[in-house]
Structures are given as structure tokens and as C-alpha cells.
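Here it is: the structure, laid out below.
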There are 2 protein chains.
Amino acid sequence: MNADALRGHMDALLLAVLEREPLHGYAIIEALRERSGGALDVPTGTVYPALRRLERAGYLASEWAVTGGRRRRTYRLTGDGRAALAGERSAWRSFTNVIGSVLDPLR
Amino acid sequence: MNADALRGHMDALLLAVLEREPLHGYAIIEALRERSGGALDVPTGTVYPALRRLERAGYLASEWAVTGGRRRRTYRLTGDGRAALAGERSAWRSFTNVIGSVLDPLR
DNA sequence: TTCTATATGTAGGCTGTCTATATGTAGACA
DNA sequence: TGTCTACATATAGACAGCCTACATATAGAA
């Protein structure tokens, strides 16, 4: 998966994976890998800064937890985050329509 | 249309729009706008450098022409460019599948 | 004890898209 | 004649997000 192609869609991916349940960073990476059938293997240097960015934006909230001697910062969607996710989904649909209309124009 | 979302897909758009016939830069911008129903309005500062990049890569070839007192650099797809376009289309399909699988997972 | 998996985080690099600017012609319109 | 818009190409520099590489640390298996 080309890194440039992902650009601008990472927020949508992160919000989507947190829709059902709160998760910590490492688990988010695994969830993305599973949901994508192994195609998405997002490096930590991408995910952790992005999560902080989304928290700063008010779309996520986090809290620390310790489980089995391991510290985790668990993120959950805020109300604004749910709204943002809806916007991202809508933007994704129009994005694919637009690019698709150029790549595979009606004959 | 968010600029970041476009990143990594511009090459595919440019190659696709040149598939049928050679075009010069300004006409390419218009073609993208038409094909996308007005959604794509790519600035010249994006298109001209991108076209040069694609020519350097061997996917496009260009030649100057003067029409009605106006100089135009007309680009056409090379053989390598056609192959690259096929690759871009395939990459686009898998890209949308991957992102889609995360955004709208099977219930 | 060593290795792997788990877990978080930062610094700095890379690169493609953008804004802003520069240059110039043709044709319409006043 | 002068001005405005459309046509047409091009570059410099800003910006931002994703990346690699590295640092740190615990748990459990081998």
C-alpha cells in the first residue's frame, strides 16, 4: 500500500476503527491490519502522532490504563469524533466517485 | 476536494485523461474538471510540475506546438505510460477495497 | 539470557500538492 | 486606445502528513 495514497485518509481509518469500541494505539494498528486483510500495516510513527492530532482536534479522548504490567493509552470517539467520522465517510464516497469518474469514464 | 486526499492519485488522473488523445496542460485541467463534473479544479502549480515528473519517468512525451499565436506543450502517453496507467487502475481498485473494508466493514 | 511480542513515543526526512507570482498572446468590449 | 478576460506555461517557496529510524520498557517463552 503506497504511503502517498493513504495521505488524507488516515483520519477516517482511525475514527472508523474506534467506532465500535475504544482501543489503544497498538490495538488500533492490529485492527487496521485485520480489517484490511493484512494490506494495511501502519507504522507507529504514523499512528501515534495522528492519534494525538485527532485528540487535539477534539475527535478523540484518551486515558491511561495499566493491564498486565503494560501501560496503555486508550482512545475513544467523542461526539465530535462521531460527527467527523460521518463527514469522512461522506467525503470518501464523493472522493471515490470523482476519481472513479476520471479513471473509468462512462463509455 | 481536499488536496491531501488527492495526493498519490494525481499521476493516475493525468495518465487517464491522456489515454484517448494527447492534450496540453491547460486542456488537461479542463478535461479533469469536465470529467469530474466540476469537482476537480487542479491548479497549474500542481499540473505542470506533475507533467514534467511523468515525462522524466518516461510515461509521457511532449512536443511544442503553436496554434493561433499560442504556444502549447502537448503531452502524449508512451508505451510505458500505458502500462503505468494499467498499474494505477489496478492499484486504485485495491486501494478503494482496502479503505472501504475499514470504513464500511461487513456487518 | 536472549528473543519476541507488546506498548508508547519523538526527531527528522521526504515529497507531492498548494499558493502566489511571473510572463505573454488573442480577442472582446467600451 | 485601453482594459479585461480567457488562454497558456512555468517556477519558488510554504505546508503538512506519512515515513524511517531510534529510544525506552515490560512480559513471557525458549
Side-chain angles (χ1 to χ4, degrees), chain A residues 1-15 22-34 36 39-57 59-60 62-75 88 91 95 98-99 102, chain B residues 1-15 22-34 36 39-57 59-60 62-75 88 91 95 98-99 102:
Chain A
M1 175 64 58
N2 174 24
D4 272 325
L6 234 43
R7 184 137 170 173
H9 305 287
M10 188 59 69
D11 291 4
L13 295 178
L14 295 175
L15 295 175
L23 291 172
H24 61 282
Y26 195 87
I28 289 172
I29 293 173
E30 288 181 320
L32 287 174
R33 185 162 39 226
E34 271 173 45
S36 66
L40 277 176
D41 191 12
V42 189
T44 64
T46 296
V47 167
Y48 290 111
L51 289 171
R52 289 168 159 275
R53 183 162 41 76
L54 290 171
E55 187 171 23
R56 266 201 314 279
Y59 299 151
L60 300 180
S62 71
E63 47 192 31
W64 281 104
V66 176
T67 309
R70 286 195 168 100
R71 46 199 271 287
R72 296 169 168 175
R73 191 199 284 275
T74 301
Y75 289 90
E88 292 282 359
F95 172 73
V98 165
I99 305 296
V102 176
Chain B
M1 175 65 57
N2 173 24
D4 272 324
L6 234 44
R7 181 136 171 177
H9 305 288
M10 188 59 70
D11 291 5
L13 295 177
L14 295 174
L15 295 174
L23 291 171
H24 61 284
Y26 195 86
I28 289 172
I29 293 173
E30 289 181 320
L32 287 175
R33 185 161 40 226
E34 272 174 44
S36 67
L40 277 177
D41 191 13
V42 188
T44 65
T46 296
V47 167
Y48 290 111
L51 290 172
R52 288 168 160 275
R53 184 163 40 78
L54 289 170
E55 186 171 24
R56 266 201 314 280
Y59 299 152
L60 300 179
S62 72
E63 46 192 31
W64 281 103
V66 176
T67 308
R70 286 193 170 104
R71 47 199 270 287
R72 295 169 169 176
R73 189 199 283 275
T74 301
Y75 289 90
E88 293 282 358
F95 172 73
V98 166
I99 306 295
V102 176

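So you know, we letter chains A, B, ... as the sequences are listed, proteins then strands, and number each from 1. The analysis underlying the following values was restricted to heavy atoms, covering all of them including side chains, and did not include hydrogens, waters or symmetry mates.
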| said: Without decimals, in angstroms, what is the distance between A:Leu60 CG and C:dT8 P? | reply: 14 Å

| query | Crowded around A:Tyr59 OH? As in, over 12 foreign heavy atoms under 6.0 Å? | reply | no

| request: Could you tell me whether a side-chain N or O of B:Glu88 sits under 3.5 Å from a main-chain N or O of B:Leu15, the two making a donor and an acceptor? | output: no

| In whole angstroms, how far is the P atom of C:dG16 from the CG atom of B:Leu13? | 15 Å

| field | Non-hydrogen atoms of A:Val47 and A:Gly25 that approach each other most closely | value | CG1-O, 4.3 Å

| note | Closest non-hydrogen contact found for B:Asp41 with B:Arg33 is OD1-NH1, 2.6 Å

| message | By nearest heavy atom, map A:Arg71 and A:Arg52 onto DNA chain C; which one lands nearer the 5' end? | response | A:Arg71

| task | Check the surroundings of atom CD in B:Glu63: do more than 12 heavy atoms from other residues, nucleotides or ligands lie under 6.0 Å from it? | result | no

| said: For B:Gly8 versus A:Asp4, what's the shortest heavy-atom pair and its separation? | reply: CA-CB, 3.9 Å

| field | Distance in angstrom units between B:Arg73 CZ and C:dT25 P, rounded | value | 19 Å

| request: Nearest whole angstrom, please: distance from the P of C:dG24 to the NE2 of B:His24. | output: 20 Å

| said: Could you tell me how far apart A:Arg56 (CZ) and C:dG9 (C1') are, to the nearest whole angstrom? | reply: 14 Å

| said: In whole Å, I'd like the distance from the CG atom of A:Leu51 to the P atom of C:dT8. | reply: 9 Å

| query | Reading nucleotides 17-29 of chain D 5' to 3', which nucleotides get B (base under 4.0 Å from a protein heavy atom), which S (sugar-phosphate only), which -? | reply | BSBB-----BB--

| task | Could you tell me the separation between the OH atom of A:Tyr26 and the P atom of C:dT4, rounded to a whole number of Å? | result | 13 Å

| Whole-Å distance separating the CZ atom of B:Arg33 from the P atom of D:dA6 | 11 Å

